Amino acid sequence: MNELLKELNSQQREAATSVGGPLLVLAGAGSGKTRVLTYRIAYMIGEKGVAPWNILAITFTNKAAKEMADRVEKLIGETAKDMWVRTFHSACVRILRRDIDRIGYDRNFNIIDSDDQKSVVKECLKELGFDEKEFPPRSVMSEISFAKDKLLTPSQYALEYGDDYRKKQIANLYSLYQKKLKVANDLDFDDLIMLTVKLFSDAPDVLSFYQNKFRYILVDEYQDTNKAQNELIMMLAKEHRNLCVVGDDDQSIYKFRGADISNILDFEKEFTDARVIRLEQNYRSTQNILDAANNVIKNNFGRKGKNLWTDKGEGEKITVYKAQNEHDEASYIADKMYSLSINGYRYSDMAVLYRANSSSRTLEEVFMRKAVPYRVLAGLRFYDRKEIRDMIAYLRLIKNPDDNISLRRIINTPSRKIGKVTLDKIAAAADREGCSLLKAIGNHIDTLGASVAEFYKLIEELLVIARENTIPELIEAVYEKSGYKEFLKTDEKAQERDENIGELINGAANYMENNEEATFEDYMDNLALISDIDNYDEELDAAVFMTMHAAKGLEFPIVFICGFDEGIFPSFMSSYSSEETEEERRLCYVGITRAREKLHLTCAHSRMLYGKTSNYKPSRFLEEIPENLKEIIDNSPTIGDYEIKIPKAVSHNAPESSLFASAPSAPRRTNTQTFSAGDCVIHKKFGRGIIISANSVGNDIHYEIAFESVGTKNLLGLYAKLEKGD
DNA sequence: ACAGGCGCAGTTTTT
DNA sequence: CTGCGCCTGT
């Protein structure tokens, strides 16, 4: 154990070994936070004799939970399995499954996701006669979510905000929404937290059971907690007061979804005897990168204050590229990456970060054209795909036949000719008789027509199958007997969707293999909470594009951040309040500190947004980085250029090539020699090879070349500097 | 019940 | 410029 502690610096060691009482660890980016947490747990169990089952470690994502559990297990072995290392939500599900009946709910609840939430909100809007334009479902959802984050019930919300006309309406919607969920025995993600808090306050014996169980509590990413989550932790920690929270106020970037930075800022007020430890030594980046980050973030008020340092040395300057427009910007990035790849970097060492996902489009176009390998981390997650969500809705209805929300989703998917009129009839009956939709169908089976009767029979049949078969078999049966499989055949993406459902079945089989004791219910909880399959393929050698939000917690040797323009980053959406601008600045801090060795920041003089081209000023965040840390490459048009070229060209829709052919960043044609299939060529890095194919791409030629030493590569003539071999 | 056309709005996202 | 939601016509 003492050997282990030698691997920590003195602050880290102090954080790992201060076991009793409240502790706040302010862990700067790249300061070895996860290492401290895992060593701390190992130390508690190994040295202090703390029982693993007395430990609760809370994270936000499943990925983080899994990583922490794995690392602790590596340090101390199997016994680690007795700890709870869970996300807020999965811990709450486990608590609620045991005791939610104490507060008048059914233990067999289903968990719905935001897509279902939205359809319930829409139902509510319709029933109350509200206009979707005046009350966009998205904003109603987030209002309800904020209410729950603040632990406000519909009536408390109405009391608090009822003076505001709009909020009064929202309160009505919230109330109806809640009623619908309750009838369907569904909980949304926010309910999981809020109801656990309610359970703890209404049933003190349950609370004291968990207080006694979890004598040692650790919370990661504490700056991301909302009020409800904080309250939950405070209730649990109150008795034994062994609470260690780890976070970085400068990396709080989730206010928009309810994170309350005051939880971390006020921790010392909550616990006046709290010990505070700062981890400021950074093991990730060069000093120049850290100085840039420090200089940006110091413009924020209301922070705890921290200054990252490293013993790695200065490193390279930060390159700032001022592009003419977004195409030029993307070309710069692609070209730079290509030349780095020639100089020994792997593409997977490089990332492009941006403020909003929409930025990926131009990047993709340019990278595609230049044949620079990339992948985009965003897009649809596996469980968000329509076909998967439909299958899950069937499963949820089977698990909990009261689940009206799931029933509505699938009663006419695939089409069974059950439309609005029939559904309204069913809903009216259910309302009258105070039962679920499916029960109402059962009660009136003879009057609702053949297709409804057939649907009812289908569900009954599936309920039997669920009782007698394994989960993969059940999903298979749902897929076939519901007619979904047949229905997919007419879909344009038939094969892909079919494969996805195959993947769902595989996943279920895997889950059951790894969790032999698991029930259908456990599997469904797992589906609801582990909503993204980890398809991050580390092996694939491609540059990765993602938002700065998505990059939190990751690091790359080479980082490009694009869109450093006022209005883009910081986004004009956040220009109304200084609070929001500060959150943007924290996002900038997160982005910069992802880089290990080299950072490129780019802005563009003009860019097209929403179909309109306009001019932009460089981001204030660029100005906040001191001159001596930056190396500026200015490719923005001079005044003369700008007046002569841009307006005319744009207004006449000139082809891109005539506008930008002379852009200095465009690769210079140093070698106009071209080759065709069968020719022997020599490449500076890959050596001798034979051209397999040559296809012109724009004004360039795309070669597929079989090299003697490195195998087949795809290269572009303009970049590859090929010479004739013999 | 569904396809096709129009009009409008437009960050970030885990569970 | 997109994508989504509503409306209309079959």
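Since the model is a prediction, treat every value here as computed from it, not as a measurement. Convention: sequence-line order gives letters A, B, ...; per-chain numbering from 1.
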*Asks:* From the list B:dT13, C:dC1, B:dA1, which nucleotide is the closest neighbour of the side chain of A:Phe256?
*Replies:*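 Looking only at side-chain atoms, A:Phe256 lies closest to B:dT13.
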*Asks:* Using whole Å, what does the distance between atom P of nucleotide B:dT11 and atom CZ of A:Arg361 come to?
*Replies:*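 In whole Å, B:dT11 P lies 13 Å from A:Arg361 CZ.
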*Asks:* Report the distance from atom CZ of A:Phe109 to atom C1' of B:dT15, rounded to the nearest whole Å.
*Replies:*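 It is 13 Å, rounded to the nearest whole Å.
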*Asks:* Answer with base, sugar-phosphate or nothing: what part of the nucleic acid does A:Arg86 contact at a heavy-atom distance below 4.0 Å?
*Replies:* nothing
*Asks:* Is there a donor-acceptor pair closer than 3.5 Å between any side-chain N or O of A:Thr613 and the backbone N or O of A:Leu609?
*Replies:*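 Not a single qualifying donor-acceptor pair exists.
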*Asks:* I'd like to know whether CD of A:Glu365 has more than 12 heavy-atom contacts from other residues, nucleotides or ligands below 6.0 angstrom.
*Replies:*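 Atom CD in A:Glu365 is crowded, with more than 12 foreign heavy atoms closer than 6.0 Å.
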*Asks:* OP1 or OP2 of B:dT13 sitting under 4.0 Å from any side-chain N/O of A:Ser114?
*Replies:* no
*Asks:* Consider only side-chain N and O atoms of A:Gln251 and A:Tyr589, and report whether a donor and an acceptor are under 3.5 Å apart.
*Replies:*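 No - no donor-acceptor pair under 3.5 Å links their side chains.
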*Asks:* Within the 4.0 Å heavy-atom criterion, would you say A:Lys255 contacts the bases, only the backbone, or no part of the nucleic acid?
*Replies:* nothing
*Asks:* In terms of the nearest nucleotide of DNA chain B, which residue is placed more toward the 5' end: A:Gly419 or A:Phe60?
*Replies:*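 Per heavy-atom nearest nucleotide, the more 5' residue is A:Gly419.
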*Asks:* Using the rule side-chain contact (heavy atoms from CB on, under 4.5 Å), only one of A:Asp191, A:Asn404, A:Ile112 pairs with A:Asp186; which is it?
*Replies:*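 Only one of A:Asp191, A:Asn404, A:Ile112 forms a side-chain contact (heavy atoms from CB on, under 4.5 Å) with A:Asp186, namely A:Ile112.
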*Asks:* Name the nucleic acid region contacted by A:Glu221, choosing base, sugar-phosphate or nothing; use a 4.0 angstrom heavy-atom cut-off, strictly under.
*Replies:* nothing
*Asks:* Categorize A:Ile568 for me: base, sugar-phosphate, or nothing, with a 4.0 angstrom heavy-atom threshold over every strand shown.
*Replies:*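 It contacts nothing in the nucleic acid.
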*Asks:* Rounded to the nearest Å, what distance is computed from the NZ atom of residue A:Lys126 to the C1' atom of nucleotide C:dC6?
*Replies:*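 In whole Å, C:dC6 C1' lies 11 Å from A:Lys126 NZ.
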*Asks:* According to the 5.5 Å centroid and 30° plane-angle thresholds, does A:Tyr254 stack upon the nucleobase of B:dT12?
*Replies:* no
*Asks:* Among C:dG5, C:dC1, B:dT13, which is the nearest nucleotide to the side chain of A:Asn357?
*Replies:*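 Side chain of A:Asn357 sits closest to B:dT13.
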*Asks:* For residues A:Asn263 and A:Thr225, is any side-chain donor paired with an opposing acceptor at under 3.5 Å?
*Replies:* yes
*Asks:* Starting at atom CG of A:Leu187, determine the distance to atom C1' of B:dT15, rounded to an integer number of angstrom.
*Replies:*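 Value for this atom pair: 13 Å.
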*Asks:* Answer with base, sugar-phosphate or nothing: what part of the nucleic acid does A:Glu583 contact at a heavy-atom distance below 4.0 Å?
*Replies:* nothing
*Asks:* From the list B:dT15, B:dT11, B:dT13, which nucleotide is the closest neighbour of the side chain of A:Thr61?
*Replies:*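 The listed nucleotide nearest to A:Thr61's side chain is B:dT15.
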*Asks:* Could you state the atom-to-atom distance from CZ of A:Arg586 to P of B:dT11 in whole Å?
*Replies:* 21 Å
